Amino acid sequence: MQRDNVIRKIEEQDLEQLQQILESVFNNNISYEKVQNLYKRSKTNKDIYILGYYINDDLVGTVTLNILTLPSGKEATIWDLAIMEKYRRLGIATKLMNKAEEIAKQEDITRIWLFSGSHRKNAHELYRKLGYDENRDKAFVKQI
């Protein structure tokens, strides 16, 4: 089955491409083992969605949606929106974000949190266009 211009959950045969995309976009050593472990968790945890965008059966972009159940209701976080460089500025990131939001609405999510590195200025422009408010809440991070 050919997957062309399709958004769907990542499949096991896509993990090597996923690892390469994440490593190249975020400029860090994301091991295949870490990607494989996340994929395995997503298969047993219905609150983790690793979505991929496919062109000519090749994975060219990804985003992860993680649903959280809190006393105040269900919320979600979006992680690792990443598009291969040669496929940027084609609307793929917007389509992936829209799909993640569609899933969130189906899950009765009240709020989506989005975390992004301070250096990712082009991504921040996209997030603002999609209605994400960078001034509403402040996130604090501690590396442990």
Side-chain angles (χ1 to χ4, degrees), residues 1-28 30-141:
M1 171 179 71
Q2 185 171 14
R3 301 167 296 180
D4 189 17
N5 297 335
V6 170
I7 298 173
R8 64 184 310 161
K9 283 187 172 184
I10 296 289
E11 296 176 3
E12 190 165 13
Q13 72 260 22
D14 305 318
L15 296 182
E16 188 173 316
Q17 285 181 303
L18 175 63
Q19 185 261 338
Q20 291 169 0
I21 292 169
L22 293 174
E23 193 171 73
S24 70
V25 170
F26 297 113
N27 295 320
N28 58 15
I30 298 173
S31 70
Y32 180 81
E33 181 180 68
K34 286 182 180 180
V35 171
Q36 191 176 41
N37 287 338
L38 176 62
Y39 172 77
K40 287 177 183 176
R41 280 193 306 270
S42 76
K43 298 308 281 179
T44 60
N45 183 338
K46 66 177 183 64
D47 292 334
I48 300 173
Y49 294 83
I50 309 169
L51 303 175
Y53 190 94
Y54 298 86
I55 296 176
N56 296 326
D57 211 32
D58 289 321
L59 179 66
V60 300
T62 185
V63 70
T64 299
L65 177 74
N66 192 349
I67 297 172
L68 309 166
T69 301
L70 306 169
S72 58
K74 290 172 91 175
E75 297 189 5
T77 55
I78 288 182
W79 299 95
D80 296 339
L81 176 65
I83 311 300
M84 290 177 62
E85 190 167 356
K86 73 179 188 175
Y87 293 99
R88 293 181 189 160
R89 301 263 180 221
L90 300 175
I92 293 169
T94 298
K95 290 174 184 174
L96 282 165
M97 291 292 291
N98 288 341
K99 182 64 174 178
E101 290 178 13
E102 179 185 311
I103 292 167
K105 288 176 186 173
Q106 292 169 355
E107 295 286 339
D108 295 322
I109 301 301
T110 58
R111 179 167 50 175
I112 297 176
W113 292 81
L114 191 153
F115 296 91
S116 181
S118 60
H119 64 285
R120 298 190 70 210
K121 303 299 182 198
N122 290 336
H124 300 172
E125 183 180 317
L126 170 67
Y127 303 147
R128 283 186 213 101
K129 285 180 184 177
L130 293 173
Y132 288 81
D133 182 355
E134 65 189 303
N135 297 312
R136 181 167 168 210
D137 294 298
K138 183 163 185 70
F140 293 84
V141 177

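Only a predicted model underlies this, so the values are computations on that prediction, with no experimental measurement involved. All values below were derived from every heavy atom in this structure, side-chain atoms included, with hydrogens, water molecules and symmetry-related copies excluded.
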Closest non-hydrogen atom pair between [X] and [Y], with its separation:
X    : Y    : answer
E75  : W113 : OE1-NE1, 2.6 Å
L22  : A82  : CD2-CB, 4.1 Å
L65  : A100 : CD2-O, 3.5 Å
L126 : A93  : CD2-CB, 3.5 Å

Distance in Å, [X] [atom1] paired with [Y] [atom2], rounded so as to fall on 0.5 Å steps:
X    : Y    : atom1 : atom2 : result
I21  : F26  : CD1   : CZ    : 10.5 Å
R128 : L130 : CZ    : CG    : 11.5 Å
T94  : L81  : OG1   : CG    : 8.5 Å
L15  : I10  : CG    : CD1   : 7.5 Å
D57  : L59  : CG    : CG    : 10.0 Å

| query | Got a donor-acceptor contact below 3.5 angstrom from the Q19 side chain to the S31 backbone? | reply | no
* Hey, mind stepping through T62 and D14 against side chain to side chain contact (heavy atoms under 4.5 Å, CB included) and telling me if it holds? -> CA-CA 11 Å; T62 185; D14 305 318; over 6 Å; no
Using the rule given for side chain to side chain contact (heavy atoms under 4.5 Å, CB included), can you reason through I7 versus I92, listing the C-alpha separation, both sets of side-chain angles and the distance that settles it, and then say yes or no? CA-CA 9 Å; I7 298 173; I92 293 169; over 6 Å; no
Taken in chain and number order and not counting sequence neighbours, the residues that satisfy side chain to side chain donor-acceptor pair (under 3.5 Å) with Y132 are E101
Are I83 and L96 side-chain neighbours, meaning at least one heavy-atom pair lies under 4.5 Å?
yes
### Message
Quick test of your reading of the model: are E125 and K121 salt-bridged, counting only N-O distances below 4.0 Å?
### Response
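No salt bridge links E125 with K121.
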Does this structure show an ion pair linking E102 with K99, if we count only N-O contacts that are shorter than 4.0 Å?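 Salt bridge between E102 and K99, a charged N being under 4.0 Å from a carboxylate O: yes.
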>> Does the plane of the ring in Y127 sit parallel, tilted or perpendicular to the ring in H124? Use 30° and 60° as the thresholds.
In response: tilted
request  = Test L114 against M97 for side chain to side chain contact (heavy atoms under 4.5 Å, CB included), laying out the working first.
outcome  = CA-CA 11 Å; L114 191 153; M97 291 292 291; 3.4 Å; yes
Notebook entry, point to check: Taking it one step at a time, do Y53 and L51 satisfy side chain to side chain contact (heavy atoms under 4.5 Å, CB included)?
Noted result: CA-CA 7 Å; Y53 190 94; L51 303 175; over 6 Å; no
Could you pull out every donor-acceptor pair under 3.5 Å between side chains of residues 66-74 and any protein atom, sequence neighbours left out?
{"from": "K74", "atom 1": "NZ", "to": "E107", "atom 2": "O", "distance (Å)": "3.3"}
{"from": "K74", "atom 1": "NZ", "to": "E107", "atom 2": "OE1", "distance (Å)": "3.2"}

Give every donor-acceptor pair under 3.5 Å between a side-chain atom in residues 35-48 and any protein atom, sequence neighbours left out.
{"from": "N37", "atom 1": "ND2", "to": "E33", "atom 2": "O", "distance (Å)": "3.4"}
{"from": "Y39", "atom 1": "OH", "to": "E12", "atom 2": "N", "distance (Å)": "3.3"}
{"from": "S42", "atom 1": "OG", "to": "Y39", "atom 2": "O", "distance (Å)": "2.7"}
{"from": "T44", "atom 1": "OG1", "to": "R41", "atom 2": "O", "distance (Å)": "3.3"}
{"from": "N45", "atom 1": "OD1", "to": "D47", "atom 2": "N", "distance (Å)": "2.8"}

